[in-house]
Amino acid sequence: MNKFQNLFKQLIYVLSEENIKYVIIGTVAYSEYAPPRATNNINFMISESDCCKLESVLKEHGIDFIWNAYQQLIIAVKDDSDETKKYPLELSFQRAPKGLTVNRPIPKEIFGVADVPVASPEVLVALWCLAVINGNPKSYYDAQMVIKLQLADVDRCAAVIDSLLESDANKVLRSILTGNAMYVDTINMGEALILPSDLIQTHEEIELVKAHRYNAVQERRRQLCKAIQQTK
């Protein structure tokens with residue numbers, strides 16, 4: 001855990017020095033507003049224009065990374081032993097969706113680092129609604145919980161979602177507000193959910209599961225687009 005914290009502090013310093021704009025999203029951000037829960041990952045979101053810059057900056061500082069099936073840049077934290085951790089600690093970076101900016105974050109203290117920019121609850125809800133559209137139904141319940149706990153302003157959530165380009169995320173938000181939790185009709189829940197933990201032994205297997213899920217969702221989206229084109 002100390003190595004995880006130290007790497008996090010190093011990344012925050014590097015991002016600030018290189019003037020790369022970012023916000024913390026995901027479970028760590030969720031835990032800043034709602035009852036905290038365990039996670040093995042810290043998610044960053046950066047602007048699309050900074051992605052190439054981030055790669056070169058990490059290489060300059062000798063920080064190893066990979067790109068996963070979801071086009072997220074992953075930095076895995078290695079321990080001092082040769083053992084492969086079942087759930088390795090990771091820091092991940094993803095591009096901001098088109099139309100969404102990383103402006104107006106909320107400063108928080110994380111791992112002793114002051115003023116770390118964390119996404120607002122409204123931005124988190126928008127990202128989770130978008131994640132559902134992209135094949136991650138578990139994100140539905142994160143968005144639903146934040147709204148039920150009245151941690152996010154619904155009108156602001158809708159405004160953020162409206163700024164997203166080429167997105168049906170507003171349909172997910174409406175299904176949450178109306179109690180129609182059976183939205184995500186284009187998603188095969190069996191394929192989308194993560195496999196039971198006892199079936200996943202290594203980091204490589206986790207990535208293979210993610211890749212399979214990503215490819216399955218992309219294929220369904222292609223089929224849906226093809227069907228829409230045929231009806232026009």
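One distance of note links CG of Asn134 with CG of Asp168; it measures 10.0 Å at 0.5 Å rounding. Between Ile106 atom CD1 and Asp115 atom CG the span is 12.5 Å, to the nearest 0.5 Å.
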*Run the numbers on Trp67 and Ile74 for side-chain contact (heavy atoms from CB on, under 4.5 Å), then give the verdict.*
CA-CA 6 Å; Trp67 287 96; Ile74 303 292; over 6 Å; no
*Can Cys129 and Tyr140 be said to form a side-chain contact (heavy atoms from CB on, under 4.5 Å), step by step?*
CA-CA 6 Å; Cys129 289; Tyr140 185 100; over 6 Å; no
*Passes side-chain contact (heavy atoms from CB on, under 4.5 Å), Ile75 versus Ile63? Steps please.*
CA-CA 8 Å; Ile75 302 171; Ile63 300 175; 3.9 Å; yes
_Could you go through Glu55 and Phe65, starting from their C-alpha distance and side-chain angles, then the distance that decides it, and tell me whether this counts as side-chain contact (heavy atoms from CB on, under 4.5 Å)?_
CA-CA 8 Å; Glu55 283 195 47; Phe65 63 87; 3.9 Å; yes
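Smallest separation of non-hydrogen atoms from Ala169 and Leu130: CB-N, 3.8 Å. Of all heavy-atom pairs spanning Ile46 and Leu54, the tightest one is CD1-CD2, 3.5 Å. When all heavy atoms of Ser31 and Pro36 are compared, the closest pair comes out as OG-CA, 3.4 Å. The two atoms that bring His61 and Val57 nearest to each other are ND1-O, 3.0 Å, heavy atoms only.
Ser47 and Tyr22 share no donor-acceptor pair across their side chains, judged by distance under 3.5 Å alone.
Ring geometry, Phe44 versus Phe93: the interplanar angle falls under 30°, so the pair is classed parallel (tilted spans 30 to 60°).
With hydrogens and angles disregarded, a donor-acceptor distance shorter than 3.5 Å links the side chain of Lys53 to the backbone of Glu18.
Pairs passing the salt bridge (charged side-chain N to carboxylate O under 4.0 Å, His left out) check and including a residue from residues 141-158, sequence neighbours excluded, read Arg37-Asp142.
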